[in-house]
**Student:** 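Next up is a structure, given as structure tokens.
Labels below follow one simple rule: chain letters A, B, ... track the order of the sequence lines, proteins then strands, and each chain is numbered from 1.
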4 protein chains.
Amino acid sequence: MRLLFLGDMVGRSGRAIVYDKLPGLIADHAIDFVIVNGENAAGGFGVTEQILTDTLDAGADVMTTGNHVWDQREALVFADRHAGFLRPANYPDGTPGRGMGVYQARNGARVMVSNIMGRVFMAPDLDDPFMAAERQLENVRLGHDFDCVVFDFHAEATSEKVCFAHFVDGRASLVVGTHTHTPTADHMIFDGGTGYMSDVGMCGDYGHSLGMDKDEPLNRFLTKVPKGRFEAASGPGTLCGVTADISDRTGLCERIAPVRIGPRLAETVPDWW
Amino acid sequence: MRLLFLGDMVGRSGRAIVYDKLPGLIADHAIDFVIVNGENAAGGFGVTEQILTDTLDAGADVMTTGNHVWDQREALVFADRHAGFLRPANYPDGTPGRGMGVYQARNGARVMVSNIMGRVFMAPDLDDPFMAAERQLENVRLGHDFDCVVFDFHAEATSEKVCFAHFVDGRASLVVGTHTHTPTADHMIFDGGTGYMSDVGMCGDYGHSLGMDKDEPLNRFLTKVPKGRFEAASGPGTLCGVTADISDRTGLCERIAPVRIGPRLAETVPDWW
Amino acid sequence: MRLLFLGDMVGRSGRAIVYDKLPGLIADHAIDFVIVNGENAAGGFGVTEQILTDTLDAGADVMTTGNHVWDQREALVFADRHAGFLRPANYPDGTPGRGMGVYQARNGARVMVSNIMGRVFMAPDLDDPFMAAERQLENVRLGHDFDCVVFDFHAEATSEKVCFAHFVDGRASLVVGTHTHTPTADHMIFDGGTGYMSDVGMCGDYGHSLGMDKDEPLNRFLTKVPKGRFEAASGPGTLCGVTADISDRTGLCERIAPVRIGPRLAETVPDWW
Amino acid sequence: MRLLFLGDMVGRSGRAIVYDKLPGLIADHAIDFVIVNGENAAGGFGVTEQILTDTLDAGADVMTTGNHVWDQREALVFADRHAGFLRPANYPDGTPGRGMGVYQARNGARVMVSNIMGRVFMAPDLDDPFMAAERQLENVRLGHDFDCVVFDFHAEATSEKVCFAHFVDGRASLVVGTHTHTPTADHMIFDGGTGYMSDVGMCGDYGHSLGMDKDEPLNRFLTKVPKGRFEAASGPGTLCGVTADISDRTGLCERIAPVRIGPRLAETVPDWW
Ligand SMILES: [Fe+2]
Ligand SMILES: [Fe+2]
Ligand SMILES: [Fe+2]
Ligand SMILES: [Fe+2]
Ligand SMILES: [Fe+2]
Ligand SMILES: [Fe+2]
Ligand SMILES: [Fe+2]
Ligand SMILES: [Fe+2]
């Protein structure tokens with residue numbers, strides 16, 4: 001089966017490029033399953049239910065999130081209503097929503113998707129991400145119980161990301177990092193068969209600072225005194241994602257390649273598309 | 001002029017691939033100036049004088065460093081002896097060595113190289129990196145005083161890296177991020193003409209964790225109790241760098257592309273090579 | 001001369017106890033100079049100009065601050081209008097207000113007061129606090145140029161606080177730590193003659209969490225999801241301060257003792273009062 | 001019953017004052033149960049089995065620890081051999097030793113002692129300290145199942161400490177903070193009946209930096225380059241602790257007062273001693 005994973009949609013620029021391109025990509029390249037990280041879709045901060053449904057309408061099967069998940073307070077309410085909406089699994093028991101789900105792909109495959117947040121430099125108060133994955137994978141045999149297992153590992157530190165991926169190597173189809181809003185060039189298949197990419201990057205305007213207008217971030221670095229709020233940048237967005245072909249037999253990753261479409265970045269699609 | 005910048009050499013694997021490939025790259029592609037970050041060259045921790053001279057012998061004009069610069073205590077002594085050795089400029093006054101130098105490229109160009117360390121998540125006790133750059137660029141007109149100005153911005157957070165680059169956009173030829181040991185795919189030329197890449201990645205073994213054997217990092221994530229030391233991984237290394245063509249007239253960046261040679265990562269060289 | 005230094009006033013509870021007790025303390029115990037940290041006076045977040053003038057009217061000579069100084073945006077404007085208002089000195093050049101001032105005490109003594117912020121765990125983006133003090137003390141001979149030199153060192157980590165005090169030992173009359181909102185019992189006179197206390201504590205309601213209503217801080221520790229804003233606690237406040245007698249001849253500290261008046265904490269005043 | 005809790009013994013100076021004073025304090029003041037935090041007893045870094053047994057011989061019933069627990073690697077082995085040795089309970093399952101124990105006091109009372117580590121600024125990779133306590137207190141009725149429940153909450157941030165104490169207020173006899181090596185003056189009894197003190201301070205030489213010779217810490221703040229190792233200070237130590245009388249009927253705290261004996265700090269013992 002063929003997966004497409006798109007990184008953090010940031011603001012209107014991010015949403016526009018995703019809504020514009022995703023349906024065509026699915027149709028043209030026979031994508032069976034689509035995951036989109038939406039934690040910054042609402043002006044950079046969280047996601048509304050409208051944006052969630054628009055994104056699902058555009059072809060996403062699952063929206064994952066991260067540290068910004070609750071920035072729009074309505075997410076605390078709608079999280080429980082949408083099976084296709086995930087928040088990090090390592091929030092404490094009792095947190096609204098779910099951190100993992102099982103879905104059916106267009107080709108009939110059973111896909112488990114998990115959203116877990118790293119702690120280093122970022123979320124020290126969440127539960128252990130490694131143990132969260134261990135619990136999810138207990139009693140799961142890839143290729144038997146599920147045809148495909150994907151982790152959105154939302155984290156800052158590359159050490160935590162790559163160690164997490166080694167930890168689940170052979171037990172997951174794909175580990176995709178999100179959160180830094182910067183695509184990495186280290187997509188690869190690990191020795192155990194798990195596909196990996198440290199960060200898929202964002203869908204948004206790459207002419208500023210991580211999709212946010214650069215004036216205020218730069219002001220803070222220079223003056224240490226806030227002048228205003230952070231606002232999403234409004235230039236044309238670039239779509240950043242990764243696509244992977246997963247073995248129908250083993251659930252392991254057969255090939256993996258980045259997808260980047262739009263201005264500023266070097267455009268790239270898999271040579272097998 | 002044509003620049004080549006190689007990311008953090010990690011241990012023997014990193015040194016081997018650099019020493020093996022660098023002379024040929026310089027010869028085959030008419031490279032005028034080479035910068036190599038060497039902060040992890042000695043088993044992952046710092047750099048010895050022997051490694052420094054070996055790297056210069058292999059064709060590097062300058063070795064930059066970062067937070068690991070003093071891991072080998074001899075660096076406190078030899079730093080002052082080598083014009084081609086840089087430590088982060090935003091250490092306090094009185095720190096051994098220098099943070100910036102001016103060099104002559106093979107084509108005769110005057111190249112200013114600066115090594116600055118970010119603070120976010122990393123080095124809160126260093127001086128302001130933005131002000132450090134401001135002082136270095138005061139009275140410097142790119143294209144007049146120097147033909148080329150390059151920053152090795154050694155930092156963890158992409159926000160600090162990209163904001164730094166916007167800060168010097170139009171005043172520098174190139175801002176290359178180092179430290180995460182993970183190459184990014186966001187090489188681009190900013191509106192003001194400065195070439196940028198968030199992180200060039202490392203030269204080392206990509207089959208583990210940032211070039212270090214994955215067993216101990218993974219052990220610490222899982223058990224929280226150290227079992228041993230961090231050791232450099234010993235598998236075959238991959239060379240990671242970025243090359244840029246700099247205008248002889250303006251000192252701005254005309255084109256920029258990644259260079260990745262070796263196993264694990266998707267190999268890439270500029271299409272104009 | 002006799003100094004009184006009161007810790008961070010938190011919200012209405014903190015203001016009430018200070019306004020109520022300070023005039024009597026000054027009169028009854030012949031206090032020559034009063035410093036009050038006001039960074040949390042406005043509902044826990046910053047300080048308004050009205051609160052500043054009320055505090056000066058109650059007998060304070062100087063109001064110091066800390067990381068919350070700009071929480072009320074009007075401080076960016078009024079900071080320049082009041083010689084008795086200090087913000088941390090290690091903000092960058094160009095920041096509104098001043099970080100140090102020289103004042104005349106009731107007994108005619110010339111008092112230098114400096115407000116500096118620590119960086120560990122707290123404000124990595126500010127300038128080096130040690131160098132900030134060094135610059136302020138350059139060319140200052142205690143007992144000659146000034147009769148008294150006081151530092152409000154606003155910091156989280158006790159290591160940074162005590163090392164700072166050792167750094168200025170013999171060059172300052174008094175180093176008082178603020179920010180943790182918890183009074184320490186380590187008031188002492190260092191070998192060089194500088195009086196020291198790691199943290200003077202807050203003036204506020206000690207029945208909650210650092211003067212803030214405990215419900216929301218506790219909620220965040222338990223659920224990791226914000227439920228509302230942080231609000232100042234509204235129970236009766238306790239005044240926390242330190243008093244020191246400074247030698248008129250040397251400017252060094254002759255005796256130092258805590259002052260704590262109000263409910264919850266063990267009341268204490270100097271045995272020489 | 002009467003408890004005595006002594007803060008982090010630091011190096012030889014800390015051990016000497018504890019070994020010297022503890023037997024007399026127990027005898028003179030009818031102390032029923034003694035807890036000593038020993039995480040820095042071996043030259044500032046961890047604890048050896050010899051020091052553990054010496055401390056128990058001097059009258060301690062339990063030795064608690066903290067982030068330095070494994071600095072002496074032998075602790076990984078002897079931790080399992082001594083019921084009176086505790087390491088933080090929120091290490092992951094499978095960690096050597098135990099984080100909680102039940103003991104019999106001299107008066108026959110059943111005392112539960114728990115050692116938990118805070119995460120803020122300190123140990124982000126440990127399990128949730130609040131949930132660790134919740135699990136320990138499940139099915140425990142203070143005054144019925146145990147006569148006394150004491151927490152050594154080893155943490156940096158006062159907010160986490162005080163919120164933790166509110167969390168167990170009424171369910172524990174005493175919450176004593178350790179780790180900052182600085183005694184606080186906020187000992188009090190909470191509304192639910194739990195005795196509290198943010199930090200008990202250390203047993204060690206108060207003339208330096210947290211019991212460690214001040215030269216190297218100060219060097220690092222000033223130069224950012226290590227010159228040597230951290231060494232325990234060797235001047236005369238001061239004993240710092242807290243004593244509490246616990247109701248034999250309810251297990252709640254009836255009175256609480258600091259105990260500080262030795263140079264540099266203001267000496268204090270309870271007025272009921
Ligand atoms: Fe994001
Ligand atoms: Fe994020
Ligand atoms: Fe490095
Ligand atoms: Fe580094
Ligand atoms: Fe404060
Ligand atoms: Fe503060
Ligand atoms: Fe300690
Ligand atoms: Fe500790």
**Student:** Below 30° counts as parallel, above 60° as perpendicular, anything between as tilted: where do the rings of C:H166 and D:H208 land?
**Tutor:**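 Ring orientation, 0 to 90° scale: tilted.
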**Student:** Atom CE in C:M188, atom OH in D:Y206: separation rounded to 0.5 Å?
**Tutor:**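 Taking CE in C:M188 and OH in D:Y206, the distance rounds to 8.0 Å.
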**Student:** Heavy-atom distances under 4.5 Å only: say whether C:M212 touches chain D with side chain, backbone, both or neither.
**Tutor:**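 No part of it gets close to chain D.
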**Student:** Output, in order, the C-alpha distance, side-chain angles, deciding distance and verdict of side-chain contact (heavy atoms from CB on, under 4.5 Å) for D:D128 and C:K224.
**Tutor:** CA-CA 11 Å; D:D128 188 328; C:K224 327 305 179 197; 3.0 Å; yes
**Student:** Please classify the contact between C:S209 and chain D as side chain, backbone, both or neither, with a heavy-atom cut-off of under 4.5 Å.
**Tutor:**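 It is both, since atoms from each part get that close.
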**Student:** So do D:H181 and C:V162 actually touch side chain to side chain, heavy atoms under 4.5 Å?
**Tutor:**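 Not touching, per the 4.5 Å side-chain cut-off.
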**Student:** Chain D: which of C:L265, C:T238, C:T182 shares the most heavy-atom pairs with it under 4.5 Å?
**Tutor:**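 It is C:T182.
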**Student:** Using a 4.5 angstrom heavy-atom cutoff, name the option from C:T180, C:L218, C:D199, C:T268 with the most pairs to chain D.
**Tutor:**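 Result: the option with the highest number of such pairs is C:L218.
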**Student:** Taking everything shown except D:R12 itself, do over 12 heavy atoms lie less than 6.0 Å from its CZ?
**Tutor:**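 Open: at most 12 neighbouring heavy atoms sit under 6.0 Å from CZ of D:R12.
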**Student:** Side chains of D:L210 and C:K161: closer than 4.5 Å at any heavy-atom pair?
**Tutor:**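 Contact flag for D:L210/C:K161 side chains = no.
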**Student:** For C:S198, is it the side chain, the backbone, both or neither that has a heavy atom under 4.5 Å from a heavy atom of chain D?
**Tutor:**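 When you check distances to chain D, only side chain atoms of C:S198 fall under 4.5 Å.
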**Student:** What do the steps show when you test C:D169 against D:K214 for side-chain contact (heavy atoms from CB on, under 4.5 Å), and what is the final call?
**Tutor:** CA-CA 13 Å; C:D169 184 19; D:K214 66 181 190 289; over 6 Å; no
**Student:** Determine the minimum heavy-atom distance between D:F221 and C:C163, stating which atoms define it.
**Tutor:**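 Heavy atoms of D:F221 and C:C163 come nearest at CD1-CB, 3.7 Å.
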**Student:** Is any side-chain heavy atom of C:L222 closer than 4.5 Å to one of D:F167?
**Tutor:**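 Yes - at least one pair of side-chain heavy atoms lies under 4.5 Å apart.
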**Student:** Which bit of C:A157 is near chain D, if near means a heavy-atom gap under 4.5 Å: side chain, backbone, both or neither?
**Tutor:**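 Contact with chain D involves both backbone and side-chain atoms of C:A157.
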**Student:** With a 4.5 angstrom heavy-atom cut-off, is it the side chain or the backbone of D:M122 that approaches chain C, or both, or neither?
**Tutor:**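 No part of it gets close to chain C.
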**Student:** Where on C:E160 is there a heavy atom nearer than 4.5 Å to chain D: the side chain, the backbone, both, or neither?
**Tutor:**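 C:E160 touches chain D through backbone and side-chain heavy atoms alike.
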